[in-house]
A.B. asks: 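Quick one: this structure, given as structure tokens, is what I'll be asking you about.
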Amino acid sequence: MTAPLPIRIGFGYDIHRIERDRPLVLAGVKIPGSIGLAGHSDADVMTHAIADAVLGGAGLPDIGHYFPPSDPTIRGIDSQKILAKAREEVDALGYYIGNIDCTLIAEAPRIGPFREQMKTALSDTLGIEPGQIGIKATSNEELDDLGQRLGMAAHAVCCLLLK
């Protein structure tokens, strides 16, 4: 067996369709409004991308392996529980999270007013400082399905460091 790498990088991506009259949860924070995202869980697209980045950095399977959409017992699960499981898995391998960077791709909402709340929610779950988390957003300039407000997506990267 090869010695563990001192630094590992993970990448995560997630996308969900818009669903009207469902709560919108982004990075662990409920965003006021009348649109949400469709999904088996709370459909927190940002947290899902981050969890996959954490798991991927450690060479582990994606969140669907740990939380399959076919499992009715986890319907509506809080995505912070998914993220906590990702952290637990990398901890067991002897890694800790150095930093996270996540970008939401959506025409709306504006996340600036919620950024610090998001960083706090994520840092509480991950056991890291808010300053170790980057949160930002961009639009698709009205191009494709995301630009036409049919869905939202997120990209995330994670740096894991050997303990």
A.B. asks: The criterion is side-chain contact (heavy atoms from CB on, under 4.5 Å); which residues satisfy it with Ala154, sequence neighbours excluded?
C.D. replies: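 With neighbours one apart ignored, the set is Val45, Met46, Ala49, Cys102.
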
A.B. asks: Would you kindly confirm whether Leu83 and Leu93 end up in one hydrophobic cluster when ILVMFWY residues are joined by side chain heavy atoms under 4.5 Å apart?
C.D. replies: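 Yes, it is one cluster - the side chains of Leu83 and Leu93 are joined through contacts under 4.5 Å.
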
A.B. asks: Which side chain to side chain donor-acceptor pair (under 3.5 Å) pairs, counting each pair once, include a residue from residues 33-47, with sequence neighbours left out?
C.D. replies: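 Matches after skipping sequence neighbours: His40-Arg75, Ser41-His48, Asp42-Ser79, Asp44-Thr47, Thr47-Gln80.
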
A.B. asks: To which residues is Leu161 joined in a hydrophobic cluster, defined by side-chain heavy-atom contacts under 4.5 Å among Ile, Leu, Val, Met, Phe, Trp and Tyr, whether direct or through other members?
C.D. replies: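 Hydrophobic cluster check, Leu161: joined to Ile7, Ile9, Tyr96.
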
A.B. asks: Using modelled atom types only, decide if a donor and an acceptor are shared between the side chain of Gln148 and the backbone of Glu142 within a distance under 3.5 Å.
C.D. replies: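 Such a contact is found between Gln148 side chain and Glu142 backbone.
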
A.B. asks: Could you list all the side chain to side chain donor-acceptor pair (under 3.5 Å) pairs where at least one residue sits in residues 54-67, not counting sequence neighbours?
C.D. replies: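 The answer is none; no pair qualifies.
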
A.B. asks: Determine whether Ile111 and Leu26 make a side-chain contact, defined as any pair of heavy atoms from C-beta on separated by less than 4.5 Å.
C.D. replies: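 A side-chain contact under 4.5 Å exists here.
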
A.B. asks: Please answer: with hydrophobic residues joined when any side-chain heavy atoms are less than 4.5 Å apart, are Leu122 and Ile77 in the same cluster?
C.D. replies: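 Leu122 and Ile77: one cluster.
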
A.B. asks: Residues two or more places apart in sequence or in another chain: which of them pass side chain to side chain donor-acceptor pair (under 3.5 Å) with Asp144?
C.D. replies: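 Asp144: side chain to side chain donor-acceptor pair (under 3.5 Å) contacts with Asn140.
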
A.B. asks: Between Ile97 and Asn99, does the side-chain contact (heavy atoms from CB on, under 4.5 Å) criterion hold? Intermediate values first, please.
C.D. replies: CA-CA 6 Å; Ile97 296 167; Asn99 73 302; 5.8 Å; no

A.B. asks: Got a donor-acceptor contact below 3.5 angstrom from the Lys119 side chain to the Ile133 backbone?
C.D. replies: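 Yes: the side chain of Lys119 pairs with the backbone of Ile133.
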
A.B. asks: Checking side-chain contact (heavy atoms from CB on, under 4.5 Å) for the pair Asp14/Asp52: CA distance, chi angles, key distance, verdict?
C.D. replies: CA-CA 9 Å; Asp14 196 39; Asp52 272 342; 5.7 Å; no

A.B. asks: List the residues meeting side-chain contact (heavy atoms from CB on, under 4.5 Å) with Ala121, not counting sequence neighbours, and say none if there are none.
C.D. replies: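 By the side-chain contact (heavy atoms from CB on, under 4.5 Å) rule, Ala121 matches Val29.
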
A.B. asks: Going by salt bridge (charged side-chain N to carboxylate O under 4.0 Å, His left out), name the pairs with one or both residues in residues 80-98, residues two or more places apart or in two chains.
C.D. replies: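 Pairs touching residues 80-98 that pass the test: Lys85-Glu88, Lys85-Glu89, Arg87-Asp91, Asp91-Lys163.
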
A.B. asks: Could you check whether any side-chain N or O of Arg8 sits under 3.5 Å from a backbone N or O of Leu160, counting only pairs where one atom can act as donor and the other as acceptor?
C.D. replies: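 Such a contact is absent between Arg8 side chain and Leu160 backbone.
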
A.B. asks: Would you say Val90 ends up clustered with Val157 if hydrophobic residues are merged whenever their side chains have heavy atoms under 4.5 Å apart, either directly or through other cluster members?
C.D. replies: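 Different clusters.
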
A.B. asks: May I have all residue pairs that pass ring-ring contact (aromatic ring centres under 6.0 Å, His included) and include part of residues 118-163, sequence neighbours excluded?
C.D. replies: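 The answer is Phe11-His155, Tyr13-His155.
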
A.B. asks: Okay, side chain of His16, backbone of Leu37: is any donor-acceptor separation there less than 3.5 Å?
C.D. replies: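 Not a single qualifying donor-acceptor pair exists.
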
A.B. asks: Can you get from Ile105 to Ile50 by hopping between Ile, Leu, Val, Met, Phe, Trp and Tyr side chains that sit under 4.5 Å apart?
C.D. replies: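 Not linked; separate clusters.
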
A.B. asks: Using the salt bridge (charged side-chain N to carboxylate O under 4.0 Å, His left out) rule, collect all pairs that involve residues 32-41, keeping only residues at least two apart or in two chains.
C.D. replies: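 Every pair satisfying salt bridge (charged side-chain N to carboxylate O under 4.0 Å, His left out) with a residue in residues 32-41: there are none.
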
A.B. asks: Would you mind listing every ring-ring contact (aromatic ring centres under 6.0 Å, His included) that reaches into residues 102-143, with sequence neighbours excluded?
C.D. replies: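 Not a single pair qualifies under ring-ring contact (aromatic ring centres under 6.0 Å, His included).
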
A.B. asks: Strictly by salt bridge (charged side-chain N to carboxylate O under 4.0 Å, His left out), give each pair with a member in residues 92-109 just once, sequence neighbours left out.
C.D. replies: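 Only Asp101-Lys136 qualify under salt bridge (charged side-chain N to carboxylate O under 4.0 Å, His left out).
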
A.B. asks: Could you pull out the closest heavy-atom pair between Pro109 and Met152, with the gap in Å?
C.D. replies: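 Closest approach of Pro109 to Met152: CD-CE, 3.8 Å.
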
A.B. asks: How long is the span from the OG atom in Ser139 to the CZ atom in Arg110, to the nearest 0.5 Å?
C.D. replies: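 Atom-to-atom, Ser139:OG and Arg110:CZ are 7.0 Å apart.
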
A.B. asks: Is there a donor-acceptor contact under 3.5 Å from the side chain of Gln132 to the main chain of Gly98?
C.D. replies: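 Pair found, side chain donor or acceptor close to backbone of Gly98.
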
A.B. asks: Once side-chain contact (heavy atoms from CB on, under 4.5 Å) is applied, do any residues pair with Ala86, and if so which ones, sequence neighbours excluded?
C.D. replies: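 Ala86 satisfies side-chain contact (heavy atoms from CB on, under 4.5 Å) with Ala51, Val54, Leu55 once adjacent residues are dropped.
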
A.B. asks: Show your working on side-chain contact (heavy atoms from CB on, under 4.5 Å) between Thr120 and Asp124 and close with a plain yes or no.
C.D. replies: CA-CA 6 Å; Thr120 297; Asp124 287 348; 3.9 Å; yes

